[in-house]
Asks: 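Okay, handing you the structure first.
Since the structure is predicted, the reported quantities are computational estimates derived from the model, not experimental observations. Note that ligands are numbered from 1 as they come in the structure, with each ligand's atoms numbered from 1 the same way.
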Amino acid sequence: MDRIYLDNNATTLVDPKVKDAMEPFFCQRYGNPNSLHGFGTETHPYMSMAIDRLYAGINADEKDDIIINSCATEGNNTVIKGVYFDLIKEGKKKHIITTQIEHPCVRESCEFVKKLGADVTFLPVNQDGVVAPAALKEAIRPDETALVSIMWANNETGLMMPIKELAETAKAAGVLFHTDAVQAIGKIPVDVSACPVDFLTFSAHKFHGPKGAGGLYIRNGLKITPLLHGGEQMGGRRAGTINVAFMVGMGIAMELAVNGLAYEDKEVRRLRDKLEDAIVGMSDTLVIGKRELRTPNTILVSVRGVEGEALIWDLNKQGIAASTGSACASESLESNPTFVAMSMDKELAHTGIRLSLSRFTTEAEIDHTIKAFKKSVERLRGISSTYSGPVGKP
Ligand code: 7TS
């Protein structure tokens, strides 16, 4: 076996069908869509098809907007800074609620607007590792809260938040609701018509599309100050020449991802559970979060006596790619708010590794990973001075 990729929450392989669909837009249909000549106008039907696929993928209404941008980091920055400029700077409202478990692009955007004068609450998660609607309800200040921003699924644990209830809680109080759905699209159904979110961000490279392409869904009629000023692209909501190739690729990737949801729920879940059962069957290992509360592809596991980083390096030597959590967060899992909140065995939950599968992961790869994982843990425990055998045994 050559190499095995189990870091799909960081990024994914571009589906060959997506790559093929993008190909003509580099050297043949490369016109600027805003140009009036044929090179420009011939791109328009392809852009419409792409946007239709994105609308269908999240079940958006035609009155809603989807702004094509460069990544989820851009979408999340746009919402938080846009709301700051629209509602907070003018002194109408001043409060934003987010959580302690958001991706750094949400967390740091909130820290940024906090420095400019916004008041930000970072909600903790409960013992299941999720944000409880009751906690959100309590944190909302009806006359002051401008925005709630809560991720749909966490990138490190795979834990899914009760987004519908959270969005309903915010809407009942008349507060705007944003969700970072990067780790939900292609893993679980995402339907904006069934869930009253105002803003939703996604990123193509997390569902087998190209890196550098993302989308920001905005519910009907909502105005938001743009992050990028310039040309009139995206109806004046996001300036910059449209990357037609990536937009087309993202559209196809969305369609394939949504068509693959049943496979994800059945087959990817079966392979994930097989790997997880084998890991949990080893002594002194802990998987974070109840299975039924997690996306079907993710495992965050902690192994007593073994540093996460050491395990990653050892697996890497065996050709297996895993991660210590988010590639964007350098802090150790010791300070991961989910671990802290779940108040589990602190020594065991001290450090961990994330294994994330995709629809391209095969059974043979999982079987190989199970053997390699056991080998790595035995080797590393053999050289660890802190591990002295399973707890509870002499
Ligand atoms: N939001 C979430 C929930 C993410 O998981 C990521 C990337 C982003 C936003 C940023 O997306 P981008 O489109 O700007 O790249 N998360 C990770 C990760 O877990 N490991 O590496 C990147």
Asks: Going by an N to O cut-off under 4.0 Å, is there a salt bridge joining Lys274 and Asp367?
Replies: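 A salt bridge links Lys274 with Asp367.
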Asks: Is Glu111 salt-bridged to Lys115, going by a charged N under 4.0 Å from an acidic O?
Replies: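 Lys115 and Glu111: not salt-bridged.
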Asks: Considering only NZ, NE, NH1 and NH2 on the basic side and carboxylate oxygens on the acidic side, decide whether Asp15 and Arg359 come within less than 4.0 Å.
Replies: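 Result for this pair is yes, salt bridge flagged.
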Asks: Determine whether any heavy atom of His205 lies closer than 4.0 Å to an atom of ligand 1.
Replies: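 Per 4.0 Å heavy-atom rule, His205 contacts ligand 1.
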Asks: Relative to atom 22 (C) of ligand 1, which among Lys206, Arg354, His103, Glu74 owns the nearest non-hydrogen atom?
Replies: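 Result: the heavy atom closest to atom 22 (C) of ligand 1 is in Lys206.
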Asks: Would you call Glu255 and Arg53 a salt bridge, using N to O less than 4.0 angstrom?
Replies: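 Here Glu255 pairs with Arg53 in a salt bridge, since their nearest N and O are under 4.0 Å apart.
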Asks: Just jot down the ligand 1 atoms closer than 4.0 angstrom to any heavy atom of Gln183, in number order.
Replies: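 So the atoms of ligand 1 that pass are 3 (C), 4 (C), 5 (O).
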Asks: Please work out whether any backbone atom (N, CA, C, O) or any side-chain heavy atom from C-beta onward of Met151 is under 4.0 Å from ligand 1, and answer side chain, backbone, both or neither.
Replies: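 Met151 to ligand 1: side-chain contact only, backbone stays beyond 4.0 Å.
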Asks: I'd like to check which ligand 1 atoms, numbered from 1 as shown, lie under 4.0 Å from a non-hydrogen atom of Ser203.
Replies: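 With Ser203 as reference, the close atoms of ligand 1 come out as 12 (P), 13 (O).
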Asks: Taking N or O atoms only and a 3.5 Å limit, does Ala72 qualify as a polar contact for ligand 1?
Replies: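 Indeed, backbone or side chain, Ala72 has an N or O that close.
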Asks: Below 4.0 angstrom, N of the basic side chain to O of the carboxylate: do Asp7 and Arg354 qualify?
Replies: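 Between Arg354 and Asp7 there is a salt bridge, with a charged N closer than 4.0 Å to a carboxylate O.
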Asks: May I ask you to list the atoms of ligand 1 that are less than 4.0 angstrom from any heavy atom of Cys71?
Replies: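 With Cys71 as reference, the close atoms of ligand 1 come out as 12 (P), 13 (O), 14 (O).
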Asks: May I ask you to check whether Asp180 has an N/O atom sitting below 3.5 Å from an N/O atom of ligand 1?
Replies: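 Among all N and O atoms of Asp180, at least one is under 3.5 Å from an N or O of ligand 1.
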Asks: If you count the atoms of ligand 1 from 1 in the order shown, which ones are under 4.0 Å from a heavy atom of Ala10?
Replies: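 So the atoms of ligand 1 that pass are 18 (C), 20 (N), 21 (O), 22 (C).
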Asks: Can you label the angle between the Tyr46 ring and the Phe25 ring as parallel, tilted or perpendicular, going by 30° and 60°?
Replies: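 Rings of Tyr46 and Phe25: perpendicular, over 60°.
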Asks: Heavy-atom distances under 4.0 Å are what count here, so tell me which part of Glu102 touches ligand 1: side chain, backbone, both or neither.
Replies: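 It is neither; nothing of Glu102 touches ligand 1.
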Asks: Near Asn155, which atoms of ligand 1 are under 4.0 Å from a heavy atom of that residue?
Replies: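 Ligand 1 atoms under the 4.0 Å threshold to Asn155: 5 (O), 18 (C), 19 (O).
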Asks: Under 4.0 Å, heavy-atom basis, I'd like to know which part of Asn9 is in contact with ligand 1: side chain, backbone, both or neither.
Replies: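 For Asn9, only backbone atoms sit under 4.0 Å from ligand 1.
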Asks: Taking everything shown except Glu309 itself, do over 12 heavy atoms lie less than 6.0 Å from its CD?
Replies: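 Open.
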Asks: How are the rings of Phe26 and Phe246 set to each other: parallel, tilted or perpendicular (split at 30° and 60°)?
Replies: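 Perpendicular: the ring planes of Phe26 and Phe246 meet at over 60°.
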